[in-house]
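The sequence lines fix the lettering, A, B, ..., with proteins before strands; numbering per chain opens at 1.
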There are 2 protein chains.
Amino acid sequence: MECTEKTASEKAEPLVSSRGEGGRSAASRAQILASAAKLFREQGYVATTLRQIATEAGIQAGSIYYHFASKDDILIEVLDAGIASVSNAVRARVANLPPTATHRERIRAAVLGHLLGLLRHGDFSSASIRTYGQISVALKKRHRPIREDYARLWDEMIENAQKAGEIRADIPAKTMRLYLLGSLNWTVEWFNPRRGGVQALSENICDLVFDGISPEAGPLMKC
Amino acid sequence: MECTEKTASEKAEPLVSSRGEGGRSAASRAQILASAAKLFREQGYVATTLRQIATEAGIQAGSIYYHFASKDDILIEVLDAGIASVSNAVRARVANLPPTATHRERIRAAVLGHLLGLLRHGDFSSASIRTYGQISVALKKRHRPIREDYARLWDEMIENAQKAGEIRADIPAKTMRLYLLGSLNWTVEWFNPRRGGVQALSENICDLVFDGISPEAGPLMKC
DNA sequence: CTCGTTCCAAAACAAACGTTAGATAGAGTA
DNA sequence: TACTCTATCTAACGTTTGTTTTGGAACGAG
């Protein structure tokens, strides 16, 4: 609202860290982000207080403003980092496939990458998924490009697989992507690491995504 | 916190409505609930203000307390009504099936009932699903019984179908239920009624749930 | 008309929120 | 030693939150 210019601002770009990359304060910044991600994931954005984040990070509430301009700015960074995390996990797994891999194998690798990235290194990506639905349109706008990038990655994989006849083509690719990512994303709502491993669960869900709940080779299958 | 006893409380149970079922104030009560459900669905619980609810309902913020004891109490009623709504929709559709219906047909009816109940008469059920993840454990505890009832309905259907060999049995029923309901629930995050009908989408998703993204009659698997 | 009940508006309440301002301790530099 | 910059604390600001209090229309019963 107000024009908040510093009284004496000679340097136009103060730059985040004073010296080098691993600046002394960079650790604090990272700590704040990690604490925020954890709390956002558990309680959502609005329910999480700057004082909670500060306590979790071992500092005082006001000190946060040395590193971030606002609570919204913290959210944006957590959101972006979360999507980037799973996006990188997926791209890495797909890129590691041999060139002879089928489209189905690429999708399978992507599903596993998405799930593992979500359930393992969880706070940022889980926070990203769980809070996205409850933020203002202004915040969504700032975050949208990264999300659309990731969506495009899936759309291309699905469309290519459809054209190659490796997955069904009677359902729009976009519907398929929304359904597919939704199935994966919802796991963060109920997954409990103490109850069964991530790997086993991920493969179960992968099977369900590909073949549904129908029996593999039904003895009395209708034709 | 404080002991808030009315100064002169002769009647132990004032009862909600003074006269009959359709009391004069029952309409206001319902209006408050409807407004709250709509806002909870759109913004989440914490982000929704009592003053917003009041404005939406056409009354004053303080007046809400004539009908409800607290904001939490409103949430609980919205949550319960939401689950009850889809639960009834599902039970009705399943009950309307002929006695000769297979387990697969029962599950298909349930899936459609869940989706249609969710996407059509949406505010209460959508609010219930979207806010459940962000409320305190105390609130969850009050709401849990109704939710578990509904979960049990699905578990029984799935287990019966597994025993009959009509759906795959190589994946735990509980995992299957969580995956299945998750896929359906996530639709409220992206469904847009202006872009395609509810019925068509529901059947697409139903197909995906049953047969996955694999082609219907694949090159490998012919009937 | 009078009384009691029902329903709600108006205004205020304390607590908590995001945010800002000023002071301060410590490290580096000259 | 004196000065500067960095990173933080302390304390407060104004606003908004859920909630409470008070008072008074509206209305039916006697």
Apply salt bridge (charged side-chain N to carboxylate O under 4.0 Å, His left out) to A:D80 and A:R147, showing your working.
CA-CA 8 Å; A:D80 288 1; A:R147 256 185 135 79; over 6 Å; no
Interatomic distance where CG belongs to B:L50 and C1' belongs to C:dA12 [whole Å]:
16 Å
Presence of B:S28 side-chain N/O under 4.0 Å of C:dC7 phosphate oxygens OP1/OP2:
no
Among residues 51-64 of chain A, which contact DNA chain C at a heavy-atom distance under 4.0 Å?
A:R51, A:G62
Could I get the full list of ring pair (Phe, Tyr, Trp, His ring centres under 6.0 Å) partners for B:F68, not counting sequence neighbours?
none
Rounded to whole angstroms, how far apart are CZ on A:F68 and C1' on C:dT20?
18 Å
For the side chain of B:Y65, counting heavy atoms from C-beta on, which of D:dA7, C:dC8, D:dG18 is nearest?
D:dG18
If you measure from the Lys or Arg side-chain nitrogens to the Asp or Glu carboxylate oxygens, is any gap between B:R152 and B:E159 under 4.0 Å?
no
Measure the acute angle between the ring planes of B:Y179 and A:Y179, then classify it against the limits of 30° and 60° as parallel, tilted or perpendicular.
perpendicular
Report yes if at least one side-chain N or O of B:S70 is closer than 4.0 Å to OP1 or OP2 of D:dG18; otherwise report no.
no
Carboxylate-amine/guanidinium proximity below 4.0 Å for A:E189 and A:R130:
yes
Inspect the contact between B:R177 and B:D155 and indicate whether a charged nitrogen and a carboxylate oxygen are less than 4.0 angstrom apart.
yes
Of the residues in residues 32-49 of chain A, which ones touch DNA chain D at a heavy-atom distance under 4.0 Å?
none
Side chain to side chain, B:L119 and B:L201, heavy atoms closer than 4.5 Å:
yes
Closest to the B:K71 side chain: C:dT6, C:dT19, D:dG18?
D:dG18
With a 4.0 Å cut-off, would you call B:D73 and B:R142 a salt bridge?
yes
A:Y66 OH to C:dG18 P: how many Å, rounded?
22 Å
